[in-house]
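Everything on this sheet refers to the single structure shown next.
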Amino acid sequence: MVSSQISLRKKIALELFRKYRKNTAAVHSLDYIFWECTLRCNLNCLHCGSDCKKEASIPDMPVDDFIGAIDDVTGIVEPNKTMIVFTGGEPLLRTDLEICGKMLYDRGFPWGMVSNGLQFTEQRLVSLMHAGLRAVTISLDGLEKTHNWLRNNPHSFEKAVQAIGLLAKTNDVKFDVVTCVNERSFAELVEIKHLIVSRGVKQWRGFTIFPIGRAKQNPELQLSPLNFKKTFDFIASERKTGEIKINYGCEGFLGGYESEVRDNLFFCRAGINVASVLIDGSISACPNLRDNFTQGNIYNDSFKATWQNKYAKFRNRDWLKTGECENCEFFRYCEGNGLHLRDEKTGELLFCHLNRIKEGERVIAENRL
Amino acid sequence: MRLQLIQGFQNVPERNMIIFNSRKQFNIQHLNIAKMSSEIKKRWFTIQNKSISYILSFLGIGSAVIFNGCMYGSPAVEYGTPHANFMVTGKVTTEAGVEIGQIKVTMQNESIKSDTDGKYNIGVSDFPKDQEYTIRFVDEDGQQNGGEFAALDTVVKFTDPKFENGDGDWFSGTTSKTVNVKLRKKN
């Protein structure tokens with residue numbers, strides 16, 4: 001597949017989808033809320049985007065403070081259609097997740113969490129389910145050696161696989177596995193697939209590590225242009241086999257790969273449908289968007305009023321048409337990539353998926369010569 | 001008498017209040033109209049997006065509009081929530097009470113046709129709480145089955161629903177309502 005070749009059918013779809021995006025930004029319904037419930041973490045991952053530590057400098061947010069913010073927005077959302085996701089740090093380090101979960105459940109909100117699986121036990125899973133847990137994402141970044149290298153812990157693979165096994169035999173919780181593809185795990189993708197399929201996983205999402213947090217200082221975590229392109233070829237090919245439902249993550253306009261490597265066309269919904277309450281009370285879009293992307297703080301501002309009256313820079317992204325985006329023919333479909341790939345202070349684009357794929361295509365072309 | 005006046009005043013349509021009330025109230029009313037206009041626009045955009053979704057489906061990219069969660073996010077809400085079945089049963093008749101078969105009955109994304117006795121039974125799975133659905137009745141076969149009838153939308157409200165036969169865990173059970181409708185013949 002070639003990234004710059006977009007079929008007429010796909011072009012029509014992309015043009016229509018532009019209108020869809022604009023309409024969605026205008027409607028601006030809040031459908032997805034992240035809660036960065038802790039910055040504490042029991043791992044010390046090489047690629048962490050949160051800069052988490054075992055002992056966080058900012059204490060965990062009290063449940064009542066978060067619930068107060070949720071109660072504030074209840075009037076403008078349909079609770080049972082609004083997903084709340086606990087993220088971190090490692091959410092399972094909080095012993096009061098069940099209290100928060102139950103309060104959300106009583107208000108009609110489904111909720112889920114993202115976990116590294118290290119503290120995932122059957123007893124805790126049952127306890128969380130009784131508090132309304134509906135969805136879990138487990139990170140598995142490679143086979144044992146690779147996963148433990150990236151996660152910086154000799155037991156992390158074993159625990160993640162155990163958590164996957166537990167979830168696979170549980171009917172009432174939906175789950176998926178997320179893999180951050182890097183140079184080491186790229187070579188293992190087929191084996192990872194076999195492993196997780198054998199453990200009962202039905203949904204698998206792939207991400208590529210982007211230059212943020214600790215990953216910024218560790219360039220070996222980035223895929224080479226060639227393997228970056230090949231990752232998309234792998235996903236496109238696996239989607240055709242139907243052995244497992246595999247999707248690339250939410251980031252990056254991918255040219256000809258659009259609709260071939262994920263169900264949806266590229267659309268960064270940060271601040272359009274997605275909000276976050278960060279550890280210090282900051283109201284943002286995705287948890288990765290901090291600093292200049294912060295729109296308010298639940299300790300000073302109404303979450304509801306912030307959602308209704310702010311988020312202008314998320315809803316109209318014309319301001320991102322600078323730098324390498326300025327003359328890009330695909331800006332109309334991409335609108336400057338995911339906002340988490342923009343420098344938080346300058347807004348500069350840190351990574352263009354399409355250009356990286358094109359680099360990989362050039363490597364292939366040069367090798368053929 | 002004063003009470004009657006107040007009650008009468010409260011019944012005056014909202015737009016007319018602009019004429020009678022003070023400048024402050026006019027401004028409030030004006031804001032309400034602006035807000036209403038914004039809501040109408042949002043509804044219009046939502047309708048447009050539904051149409052776009054259909055066209056994208058036709059183009060074979062039907063999942064384009066699905067929101068599968070975000071970076072580090074877990075699967076979207078449709079992956080499962082505590083749920084219950086909301087059933088609506090009833091009979092479709094003419095205004096004179098004659099049963100009409102083959103009327104298409106739609107509830108959210110579900111649709112069925114009424115049987116020869118005009119009976120229908122339709123339901124959806126949803127969050128176990130108060131719910132409201134619009135049930136649409138459409139005559140798709142023209143003059144067949146007793147003539148051509150005008151379409152009808154009926155709102156069914158489930159308030160404080162009682163569920164039966166739940167599994168004691170996430171499936172709360174089933175609740176149902178009977179809604180009999182009379183369709184008007186097209187002239």
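In what follows, chains carry the letters A, B, and so on, assigned in the order in which the sequence lines appear, proteins first and then strands, with residues in each chain numbered from 1.
Pairing each heavy atom of A:F17 with each of B:L56, the nearest pair is CD1-CD1, 4.1 Å. Nearest heavy-atom pair, A:N23 versus B:F45, reported as atom, atom and distance to 0.1 Å: OD1-CD2, 3.2 Å.
Chain B forms more heavy-atom pairs under 4.5 Å with one residue of A:K10, A:R21, A:K19 than with any other, namely A:K19.
Atom CZ of B:R184 has 12 or fewer neighbouring heavy atoms from other residues, nucleotides or ligands inside a 6.0 Å radius. The neighbour count for B:K113 NZ, taken as heavy atoms of other residues, nucleotides or ligands under 6.0 Å away, is above 12. The number of heavy atoms from other shown groups lying within 6.0 Å of CZ (A:R9) is above 12.
Interface residue A:T24: backbone and side-chain heavy atoms are both found under 4.5 Å from chain B. For a residue to count as touching a neighbouring chain, one of its non-hydrogen atoms must lie under 4.5 Å from one of that chain's; by this rule A:K22 does not touch chain B.
Rounded to the nearest 0.5 Å, atoms CD1 (B:I55) and CG (A:L16) are 5.5 Å apart.
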